[in-house]
Amino acid sequence: MDRPALVARVAAWYAAHARPLPWRAPDCTPWGVMVSEFMLQQTPVVRVLPAWEAWLSRWPTPAALAAEEPGEAVRAWGRLGYPRRAQRLHAAAIAIRDEHGGAVPADLEALRSLPGVGEYTAAAIASFAHGRRHVVLDTNVRRVLSRLEGGQQYPPATLTRGERERAAAWLPESDADATAWAASSMELGALICTADAPRCDACPVQEACVWLVAGRPAWDGPPRVGQAYAGTDRQCRGVLLGALRTADAASDDTLLALWTSDPAQARRALASLLADGLVRRRPDGSVTL
DNA sequence: CATACGTGGGC
DNA sequence: TGCCCAAGTAT
(Lines give C-alpha, C1' and ligand atoms only; values in the text may rest on other atoms or scores of the structure.)
Protein backbone atom coordinates (compact mmCIF):
# COMPACT_ATOMS: atom_id res chain seq x y z
CA MET A 1 0.00 0.00 0.00
CA ASP A 2 1.37 3.39 -0.93
CA ARG A 3 1.40 6.40 1.28
CA PRO A 4 -1.74 8.11 -0.12
CA ALA A 5 -3.72 4.92 0.49
CA LEU A 6 -2.47 4.74 4.08
CA VAL A 7 -3.23 8.42 4.60
CA ALA A 8 -6.77 7.74 3.40
CA ARG A 9 -7.13 4.88 5.84
CA VAL A 10 -6.06 7.04 8.73
CA ALA A 11 -8.50 9.71 7.58
CA ALA A 12 -11.34 7.18 7.57
CA TRP A 13 -10.35 5.96 11.01
CA TYR A 14 -10.30 9.54 12.25
CA ALA A 15 -13.79 10.21 10.91
CA ALA A 16 -15.09 7.34 13.01
CA HIS A 17 -12.98 7.61 16.15
CA ALA A 18 -11.69 11.14 16.72
CA ARG A 19 -12.46 12.78 20.03
CA PRO A 20 -14.92 15.69 19.77
CA LEU A 21 -12.50 18.29 21.11
CA PRO A 22 -13.89 21.84 21.23
CA TRP A 23 -10.94 23.41 19.45
CA ARG A 24 -11.68 21.14 16.50
CA ALA A 25 -15.29 22.31 16.24
CA PRO A 26 -16.16 24.08 12.96
CA ASP A 27 -17.06 27.29 14.79
CA CYS A 28 -13.87 27.47 16.81
CA THR A 29 -11.93 30.65 16.06
CA PRO A 30 -8.23 30.79 15.12
CA TRP A 31 -7.64 32.29 18.56
CA GLY A 32 -9.33 29.28 20.14
CA VAL A 33 -7.03 27.00 18.18
CA MET A 34 -4.01 29.05 19.18
CA VAL A 35 -4.91 28.94 22.87
CA SER A 36 -5.36 25.17 22.66
CA GLU A 37 -1.96 24.75 21.04
CA PHE A 38 -0.24 26.69 23.80
CA MET A 39 -2.03 24.75 26.51
CA LEU A 40 -1.34 21.42 24.86
CA GLN A 41 2.40 21.95 24.81
CA GLN A 42 3.41 19.16 27.20
CA THR A 43 0.05 19.04 28.98
CA PRO A 44 -2.51 16.22 28.46
CA VAL A 45 -5.83 16.93 26.73
CA VAL A 46 -7.98 16.02 29.74
CA ARG A 47 -6.34 18.69 31.85
CA VAL A 48 -6.50 21.31 29.12
CA LEU A 49 -10.23 20.94 28.43
CA PRO A 50 -11.65 22.89 31.41
CA ALA A 51 -8.86 25.47 31.36
CA TRP A 52 -9.44 26.14 27.66
CA GLU A 53 -13.18 26.69 28.16
CA ALA A 54 -12.60 29.11 31.01
CA TRP A 55 -9.85 30.97 29.15
CA LEU A 56 -11.93 31.47 26.00
CA SER A 57 -14.95 32.65 27.99
CA ARG A 58 -12.85 35.22 29.75
CA TRP A 59 -10.69 36.25 26.81
CA PRO A 60 -12.55 35.48 23.57
CA THR A 61 -10.09 37.44 21.46
CA PRO A 62 -6.37 38.23 21.45
CA ALA A 63 -7.21 41.87 22.17
CA ALA A 64 -9.16 40.92 25.27
CA LEU A 65 -6.18 39.07 26.70
CA ALA A 66 -3.77 41.78 25.61
CA ALA A 67 -5.75 44.30 27.67
CA GLU A 68 -5.05 42.35 30.86
CA GLU A 69 -2.00 42.35 33.10
CA PRO A 70 0.31 39.42 32.32
CA GLY A 71 0.01 38.31 35.94
CA GLU A 72 -3.67 37.63 35.38
CA ALA A 73 -2.81 35.30 32.53
CA VAL A 74 -0.35 33.43 34.75
CA ARG A 75 -2.97 33.16 37.48
CA ALA A 76 -5.65 31.94 35.08
CA TRP A 77 -3.20 29.37 33.75
CA GLY A 78 -3.78 27.54 37.00
CA ARG A 79 -1.99 24.24 37.36
CA LEU A 80 -1.45 23.44 33.70
CA GLY A 81 2.28 23.60 34.27
CA TYR A 82 5.06 25.55 32.55
CA PRO A 83 3.48 28.93 33.42
CA ARG A 84 5.86 30.75 31.10
CA ARG A 85 3.52 29.54 28.38
CA ALA A 86 0.83 31.83 29.85
CA GLN A 87 3.28 34.69 29.86
CA ARG A 88 4.21 34.02 26.24
CA LEU A 89 0.58 33.64 25.18
CA HIS A 90 -0.11 37.04 26.72
CA ALA A 91 2.88 38.56 24.92
CA ALA A 92 1.76 36.92 21.68
CA ALA A 93 -1.71 38.43 22.13
CA ILE A 94 -0.15 41.87 22.40
CA ALA A 95 1.87 41.30 19.25
CA ILE A 96 -1.24 40.13 17.41
CA ARG A 97 -3.16 43.21 18.52
CA ASP A 98 -0.34 45.61 17.69
CA GLU A 99 1.15 44.06 14.58
CA HIS A 100 -1.55 41.95 13.00
CA GLY A 101 -4.71 43.98 13.47
CA GLY A 102 -5.95 41.65 16.17
CA ALA A 103 -6.17 38.60 13.92
CA VAL A 104 -4.14 35.43 14.40
CA PRO A 105 -1.77 35.30 11.40
CA ALA A 106 -1.97 32.51 8.86
CA ASP A 107 1.55 33.00 7.55
CA LEU A 108 4.10 30.58 8.95
CA GLU A 109 6.85 33.13 9.42
CA ALA A 110 4.52 35.62 11.10
CA LEU A 111 3.41 32.89 13.46
CA ARG A 112 6.96 31.80 14.20
CA SER A 113 7.85 35.32 15.25
CA LEU A 114 5.27 35.24 18.04
CA PRO A 115 6.53 34.46 21.56
CA GLY A 116 6.00 30.82 22.46
CA VAL A 117 5.32 29.76 18.89
CA GLY A 118 7.94 27.34 17.62
CA GLU A 119 8.16 25.07 14.61
CA TYR A 120 5.37 22.75 15.65
CA THR A 121 2.92 25.33 16.97
CA ALA A 122 3.29 27.60 13.95
CA ALA A 123 2.50 24.73 11.59
CA ALA A 124 -0.37 23.56 13.78
CA ILE A 125 -2.03 26.98 13.91
CA ALA A 126 -1.59 27.57 10.19
CA SER A 127 -2.98 24.12 9.50
CA PHE A 128 -5.83 23.79 12.00
CA ALA A 129 -6.93 27.42 12.22
CA HIS A 130 -6.37 28.46 8.60
CA GLY A 131 -6.46 25.27 6.58
CA ARG A 132 -2.94 25.70 5.22
CA ARG A 133 -0.79 22.82 4.05
CA HIS A 134 2.21 22.29 6.34
CA VAL A 135 4.22 19.49 7.89
CA VAL A 136 2.85 19.29 11.42
CA LEU A 137 5.36 17.23 13.33
CA ASP A 138 4.60 16.73 16.99
CA THR A 139 5.56 13.92 19.33
CA ASN A 140 2.59 11.82 18.19
CA VAL A 141 3.33 12.05 14.49
CA ARG A 142 7.02 11.46 15.08
CA ARG A 143 6.20 8.25 16.91
CA VAL A 144 3.68 7.11 14.29
CA LEU A 145 6.09 7.60 11.40
CA SER A 146 8.96 6.15 13.36
CA ARG A 147 7.02 2.91 13.77
CA LEU A 148 5.00 2.80 10.58
CA GLU A 149 7.82 3.51 8.17
CA GLY A 150 11.00 3.50 10.23
CA GLY A 151 10.39 0.27 12.10
CA GLN A 152 11.62 1.85 15.31
CA GLN A 153 9.62 1.92 18.51
CA TYR A 154 10.62 5.50 19.24
CA PRO A 155 11.87 8.47 17.23
CA PRO A 156 15.30 10.01 17.94
CA ALA A 157 15.67 12.10 21.08
CA THR A 158 15.79 15.32 19.09
CA LEU A 159 13.90 16.13 15.90
CA THR A 160 16.13 15.33 12.94
CA ARG A 161 16.33 16.52 9.39
CA GLY A 162 15.56 12.99 8.28
CA GLU A 163 12.31 13.03 10.21
CA ARG A 164 11.28 16.30 8.60
CA GLU A 165 11.99 14.86 5.16
CA ARG A 166 10.06 11.71 5.92
CA ALA A 167 7.11 13.73 7.19
CA ALA A 168 7.19 15.90 4.08
CA ALA A 169 6.96 12.77 1.94
CA TRP A 170 3.72 11.84 3.70
CA LEU A 171 2.10 15.24 3.29
CA PRO A 172 -0.85 15.09 0.85
CA GLU A 173 -0.96 17.57 -2.02
CA SER A 174 -4.13 19.51 -1.31
CA ASP A 175 -4.66 21.83 1.62
CA ALA A 176 -7.73 19.90 2.70
CA ASP A 177 -6.03 16.51 2.63
CA ALA A 178 -2.91 17.90 4.28
CA THR A 179 -4.77 19.40 7.21
CA ALA A 180 -6.83 16.23 7.56
CA TRP A 181 -3.62 14.21 7.67
CA ALA A 182 -2.11 16.51 10.27
CA ALA A 183 -5.10 16.07 12.56
CA SER A 184 -5.62 12.36 11.93
CA SER A 185 -1.99 11.29 12.26
CA MET A 186 -1.74 13.16 15.56
CA GLU A 187 -4.94 11.56 16.80
CA LEU A 188 -3.69 8.13 15.78
CA GLY A 189 -0.59 8.67 17.88
CA ALA A 190 -2.62 9.92 20.81
CA LEU A 191 -5.20 7.13 20.84
CA ILE A 192 -3.70 4.06 19.15
CA CYS A 193 0.01 4.40 18.52
CA THR A 194 0.76 5.42 22.09
CA ALA A 195 4.19 5.54 23.70
CA ASP A 196 3.59 2.48 25.83
CA ALA A 197 1.07 -0.31 25.24
CA PRO A 198 0.06 0.74 21.71
CA ARG A 199 -3.25 -0.76 20.55
CA CYS A 200 -1.95 -2.21 17.31
CA ASP A 201 -4.96 -4.50 16.93
CA ALA A 202 -7.13 -1.43 16.45
CA CYS A 203 -4.75 0.37 14.13
CA PRO A 204 -6.06 1.19 10.64
CA VAL A 205 -2.62 0.72 9.09
CA GLN A 206 -1.37 -2.29 11.04
CA GLU A 207 -0.54 -4.43 7.96
CA ALA A 208 1.73 -1.69 6.71
CA CYS A 209 3.53 -0.95 9.95
CA VAL A 210 7.18 -1.94 9.67
CA TRP A 211 7.60 -2.03 13.43
CA LEU A 212 4.53 -4.22 14.00
CA VAL A 213 5.32 -6.60 11.15
CA ALA A 214 8.82 -7.00 12.57
CA GLY A 215 7.29 -8.17 15.84
CA ARG A 216 7.43 -4.86 17.70
CA PRO A 217 11.15 -5.07 18.48
CA ALA A 218 12.17 -3.37 21.71
CA TRP A 219 13.97 -0.05 21.63
CA ASP A 220 17.69 -0.65 21.17
CA GLY A 221 18.85 2.93 20.75
CA PRO A 222 20.50 5.13 23.35
CA PRO A 223 18.80 5.10 26.77
CA ARG A 224 15.99 7.64 26.87
CA VAL A 225 16.46 10.21 29.58
CA GLY A 226 13.60 10.90 31.93
CA GLN A 227 12.72 14.18 33.58
CA ALA A 228 13.72 14.46 37.21
CA TYR A 229 11.42 16.62 39.29
CA ALA A 230 11.50 15.94 43.02
CA GLY A 231 13.81 18.38 44.71
CA THR A 232 14.59 20.32 41.54
CA ASP A 233 14.52 24.07 41.06
CA ARG A 234 11.48 23.49 38.90
CA GLN A 235 9.54 21.96 41.75
CA CYS A 236 10.64 24.73 44.07
CA ARG A 237 9.54 27.41 41.61
CA GLY A 238 6.23 25.59 41.29
CA VAL A 239 5.64 25.74 45.03
CA LEU A 240 6.35 29.47 45.22
CA LEU A 241 4.22 30.21 42.18
CA GLY A 242 1.41 28.06 43.53
CA ALA A 243 1.23 30.21 46.64
CA LEU A 244 1.17 33.40 44.62
CA ARG A 245 -1.65 32.19 42.42
CA THR A 246 -4.05 32.12 45.34
CA ALA A 247 -2.71 35.14 47.18
CA ASP A 248 -2.80 38.73 46.07
CA ALA A 249 0.81 39.15 47.17
CA ALA A 250 3.29 37.80 49.69
CA SER A 251 6.51 38.71 51.47
CA ASP A 252 9.80 37.04 50.65
CA ASP A 253 9.85 35.42 54.07
CA THR A 254 6.39 33.95 53.64
CA LEU A 255 7.39 32.49 50.30
CA LEU A 256 10.77 31.18 51.39
CA ALA A 257 9.16 29.48 54.39
CA LEU A 258 7.37 27.23 51.90
CA TRP A 259 10.62 25.52 50.94
CA THR A 260 12.74 24.77 53.99
CA SER A 261 14.65 21.75 52.75
CA ASP A 262 17.13 24.00 50.97
CA PRO A 263 16.87 27.72 51.79
CA ALA A 264 19.51 28.66 49.25
CA GLN A 265 17.57 26.89 46.55
CA ALA A 266 14.41 28.73 47.56
CA ARG A 267 16.17 32.09 47.31
CA ARG A 268 17.55 31.11 43.93
CA ALA A 269 14.12 30.04 42.74
CA LEU A 270 12.51 33.31 43.80
CA ALA A 271 15.28 35.27 42.11
CA SER A 272 14.84 33.31 38.88
CA LEU A 273 11.06 33.82 38.92
CA LEU A 274 11.65 37.55 39.31
CA ALA A 275 14.25 37.50 36.54
CA ASP A 276 11.86 35.61 34.26
CA GLY A 277 9.14 38.17 34.90
CA LEU A 278 6.82 35.43 36.13
CA VAL A 279 6.75 37.21 39.47
CA ARG A 280 7.16 40.94 40.10
CA ARG A 281 8.08 43.04 43.09
CA ARG A 282 5.68 45.75 44.17
CA PRO A 283 6.64 49.15 45.56
CA ASP A 284 5.87 47.99 49.10
CA GLY A 285 8.46 45.23 48.75
CA SER A 286 6.04 42.33 48.48
CA VAL A 287 5.98 40.05 45.46
CA THR A 288 3.01 39.23 43.26
CA LEU A 289 2.20 37.59 39.95
C1' DC B 1 22.57 20.08 20.68
C1' DA B 2 21.54 19.30 25.49
C1' DT B 3 19.10 21.27 29.10
C1' DA B 4 15.66 23.92 31.87
C1' DC B 5 11.10 24.56 32.31
C1' DG B 6 5.36 22.40 35.95
C1' DT B 7 2.05 19.25 36.96
C1' DG B 8 -0.60 15.17 37.65
C1' DG B 9 -2.33 10.60 36.15
C1' DG B 10 -1.32 5.75 35.24
C1' DC B 11 0.84 1.46 36.10
C1' DT C 1 6.43 3.42 44.99
C1' DG C 2 8.82 5.74 41.77
C1' DC C 3 9.32 6.21 36.77
C1' DC C 4 7.31 7.49 32.39
C1' DC C 5 4.81 10.45 29.75
C1' DA C 6 1.88 14.47 27.86
C1' DA C 7 -0.26 18.59 20.69
C1' DG C 8 7.25 22.03 22.79
C1' DT C 9 9.99 26.37 23.14
C1' DA C 10 13.99 29.00 24.03
C1' DT C 11 18.67 29.23 24.98
A.B. asks: Do the ring planes of A/W55 and A/W77 sit parallel (below 30°), tilted (30 to 60°) or perpendicular (above 60°)?
C.D. replies: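 Ring orientation, 0 to 90° scale: perpendicular.
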A.B. asks: Which part of the nucleic acid does A/L241 contact within heavy-atom distance under 4.0 Å: base, sugar-phosphate only, or nothing?
C.D. replies: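 Nothing: the residue A/L241, judged by heavy atoms under 4.0 Å, touches no strand.
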A.B. asks: Measure from CZ on A/R161 to P on B/dC1 and round the result to the nearest Å.
C.D. replies: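 Atom CZ in A/R161 sits about 12 Å away from atom P in B/dC1.
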A.B. asks: Mapping A/T232 and A/A157 to their closest nucleotides on DNA chain B, which lands nearer the 5' end?
C.D. replies: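 This one resolves to A/A157.
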A.B. asks: For C/dA7 and B/dA2, measure between their C1' atoms and round to the nearest Å.
C.D. replies: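 That atom pair is separated by 22 Å.
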A.B. asks: In whole Å, what is the span from the CZ atom of A/R268 to the C1' atom of B/dA4?
C.D. replies: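 Taking atom C1' of B/dA4 as the reference, CZ of A/R268 is at 13 Å.
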A.B. asks: Using the P atom in both, what is the distance from C/dC4 to B/dT3, to the nearest Å?
C.D. replies: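 Those two atoms are separated by 16 Å.
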A.B. asks: Nearest-nucleotide wise, let me know which of A/R237 and A/T158 is further upstream toward the 5' end of DNA chain B.
C.D. replies: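 Nearest nucleotide further toward 5': that of A/T158.
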A.B. asks: Can you tell me the distance, in whole Å, between the CZ atom of A/R79 and the C1' atom of B/dT7?
C.D. replies: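 Whole-Å distance recorded here is 7 Å.
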A.B. asks: Rounding to an integer number of angstrom, what distance separates C/dA6 and B/dC1 when you compare their P atoms?
C.D. replies: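 Going atom to atom, P in each nucleotide, I get 22 Å.
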A.B. asks: So what does A/F38 touch, heavy atoms closer than 4.0 Å: a base, only the sugar-phosphate, or nothing?
C.D. replies: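 Result for A/F38 = nothing.
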A.B. asks: Would you indicate whether the side-chain heavy atoms of A/L241 and A/R237 approach each other to under 4.5 Å?
C.D. replies: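 SC-SC contact between A/R237 and A/L241 ruled out.
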A.B. asks: Using whole Å, report how far CZ of A/R85 lies from C1' of B/dA4.
C.D. replies: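 Atom CZ in A/R85 sits about 14 Å away from atom C1' in B/dA4.
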A.B. asks: For B/dG6 versus C/dT11, give the span between their P atoms, rounded off to a whole number of Å.
C.D. replies: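 Their P atoms lie roughly 14 Å apart.
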A.B. asks: Quick one about A/R282 and A/S286 (side-chain donor to acceptor, distance below 3.5 Å, no hydrogens or angles considered), yes or no?
C.D. replies: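 Yes, side-chain donor-acceptor contact under 3.5 Å.
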A.B. asks: Under 4.0 Å between a side-chain N or O of A/R245 and OP1 or OP2 of B/dG6?
C.D. replies: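 Result: no.
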A.B. asks: Run through A/L212, A/L148, A/I192 and flag the one making a side-chain contact (heavy atoms from CB on, under 4.5 Å) with A/Q206.
C.D. replies: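 With A/Q206 as partner, A/L212, A/L148, A/I192 yield a single side-chain contact (heavy atoms from CB on, under 4.5 Å), made by A/L212.
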A.B. asks: Out of A/Q41, A/E37, A/R142, which residue meets the side chain to side chain donor-acceptor pair (under 3.5 Å) rule with A/Y120?
C.D. replies: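 In the set A/Q41, A/E37, A/R142, the residue that makes a side chain to side chain donor-acceptor pair (under 3.5 Å) with A/Y120 is A/E37.
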A.B. asks: Do the side chains of A/E149 and A/R3 get nearer than 4.5 Å, heavy atoms only?
C.D. replies: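 A/R3 vs A/E149: side chains touch.
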A.B. asks: To the nearest angstrom, how far is A/L49 atom CG from B/dG8 atom C1'?
C.D. replies: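 The answer, rounded to whole Å, is 16 Å.
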A.B. asks: Take nucleotides 5-11 of chain C nucleotide by nucleotide from the 5' end and write B, S or -, depending on whether a protein heavy atom sits under 4.0 Å from the base, only from the sugar-phosphate, or from neither.
C.D. replies: BBBBSS-
A.B. asks: Return the value, rounded to whole Å, for the distance between atom CG of A/L273 and atom P of B/dA4.
C.D. replies: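 Taking atom P of B/dA4 as the reference, CG of A/L273 is at 16 Å.
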A.B. asks: Starting from C1' on B/dG8, measure out to OH on A/Y229 and report it in whole angstrom.
C.D. replies: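 Answer to the nearest Å: 10 Å.
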A.B. asks: Indicate whether the side chain of A/S146 and that of A/R166 have a donor and an acceptor atom separated by less than 3.5 Å.
C.D. replies: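 Looking only at side-chain atoms, A/R166 and A/S146 do not form any donor-acceptor pair under 3.5 Å.
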A.B. asks: Given atom CD of A/Q235 and atom P of C/dG2, what is their separation to the nearest angstrom?
C.D. replies: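 In whole Å, C/dG2 P lies 14 Å from A/Q235 CD.
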